[in-house]
Amino acid sequence: APLRVRGQVIGFLNVDSATPNFFNATHAADLLAFADQAATALDNARLHAQVAQRAERLAAMYELMREMAMQRDPDAMLELLVERAMQIFDAPCGGLSLLLPETNELEARVIKGLLPIPLGSRIHVGVGLVGRAALLRQPILVEDYRTWEFRQERFVDGNVSAALSVPMLYGGELVGVLSVREIGDTAKRYSQDDAQLLMMLATQAAALLHNARVNQEAAKRAQQLALVYDAGLTLNRVLEPRVQLDFLSRIAMRSVRAQVAVFYRLDANAQTLTLDFALGYQERGAAFQYRDRVPLDAAPGIEAWVARERVPALIEDTAQDSRFASSSDALGSGIWVPVEHEDRLLGVLGVAATQTHFFSADDERLLVLFASQAAV
């Protein structure tokens, strides 16, 4: 007799007898009735298990949101989010990538499990599983990544099978993508219910992450304003110009978390910029040997460009900017601003870091403020 649930056959119930002609129409009717009852019981048990699992997952999600709300560090929040998502969905691998709006790329910020993805690696929106979830702003379910039409070969080599990626959205804007994955031959497949649940988790996490970033940024700006105030007080006590300039540059470097800072003084007669001092380098000569003196017409040469144009320059990736003269310093990004007083150029102040996309427009405005103080 068929086991039917809401008109759909989910299995069969069989009984046998060694006696010929043992069963009759009454037996068949009884077995059919019993099969209907058994099917209903099995369906109720399945639904009960699903409800219990969903309740357990929702409880785990609630606990995760509580833990994340207690975190102040956005990076710690991301780590916690991926770890708990893997536990909730019993996944051996998980990851989280954040959107870089300036390049329309996704950067891998958290990787858990045996995935062939280096931290910090980037992909363009629309590429691969994570990229398509970001592009379409909806969950992407893949039953077997190895046969998926949009697969990336490095993940095929990593033996990724079932996979689920969902966008992290806040206020309709994309923040990042959260993913869970299976490795190797497995019968496990992610369902639409899984996608909805992970999407709910990602959406709530995106809001908490946004708030944590806002608080962190507010604390950073408060610290920067305090540094500006301290700089003004110190300048009133110190009369030696070179000491003042050195002090201002150190505060400027600290306020934007830069790793190095330089100041080039203008030699108007020679039409060159001369390196006055460098901070953050153990050996000034080795670090800046090729540019102790920079002609104003030098190209490439970001210092000369800023001096000629009299405008700040925020370079997010030095390797992609033709104005920057590459060197062994391995600088990835930086800010260079003119130091002017009453329309007279005095020099160029610069800060830099080894990472690309390290500085923001707010950092640029703050450095301009310090440059104005230095000029006075």
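Every heavy atom of this structure was used, including side-chain atoms; hydrogens, water molecules and symmetry mates were not. Numbers here are sequence positions counted from 1.
Among residue pairs with one or both ends in residues 304-318, those qualifying as side-chain hydrogen bond (donor to acceptor under 3.5 Å, both in side chains) are Arg310-Glu340; sequence neighbours excluded. Applying the salt bridge (Lys or Arg N to Asp or Glu O under 4.0 Å) rule to pairs touching residues 118-142 yields Glu105-Arg122, Glu107-Arg122, sequence neighbours excluded.
Within 6.0 Å of NE2 in His341 there are more than 12 heavy atoms belonging to other residues, nucleotides or ligands. More than 12 heavy atoms of other residues, nucleotides or ligands lie within 6.0 Å of CZ in Phe23, so this atom counts as buried by the packing criterion. The number of heavy-atom neighbours closer than 6.0 Å to CD of Glu143, taken from other residues, nucleotides and ligands shown, is 12 or below. In the displayed structure, Asp185 atom CG is contacted under 6.0 Å by at most 12 heavy atoms of other residues, nucleotides or ligands.
With hydrogens and angles ignored, the 3.5 Å screen pairs no side-chain donor or acceptor of Asp36 with any backbone N or O of Ala33.
The two residues Phe358 and Asp363 have their closest heavy-atom pair at O-OD2, 4.4 Å. Contact record, Ala261 with Val351: CB-CG1, 4.0 Å, taken as the closest heavy-atom pair.
Checked against salt bridge (charged side-chain N to carboxylate O under 4.0 Å, His left out), Arg254 has no partners two or more places apart in sequence or in another chain. Every residue two or more places apart in sequence or in another chain that forms a side chain to side chain contact (heavy atoms under 4.5 Å, CB included) with Asp144 is listed here: Arg146, Thr147, Ser161. For Glu79, the side-chain hydrogen bond (donor to acceptor under 3.5 Å, both in side chains) partners are Lys112, not counting sequence neighbours.
Checked for salt-bridge contact, Arg109 and Asp75 meet the test: a charged N lies under 4.0 Å from a carboxylate O.
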- [ ] Please lay out, stage by stage, how Thr274 and Arg265 fare under the test side chain to side chain donor-acceptor pair (under 3.5 Å).
- [x] CA-CA 5 Å; Thr274 301; Arg265 191 181 298 275; over 6 Å; no

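By the 30° and 60° cut-offs, the orientation of the rings of Phe22 relative to His27 is parallel.
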With a cut-off of 3.5 Å and sequence neighbours excluded, list every side-chain donor-acceptor pair involving residues 113-121.
from   : atom 1 : to     : atom 2 : distance (Å)
Ser121 : OG     : Pro118 : O      : 2.8

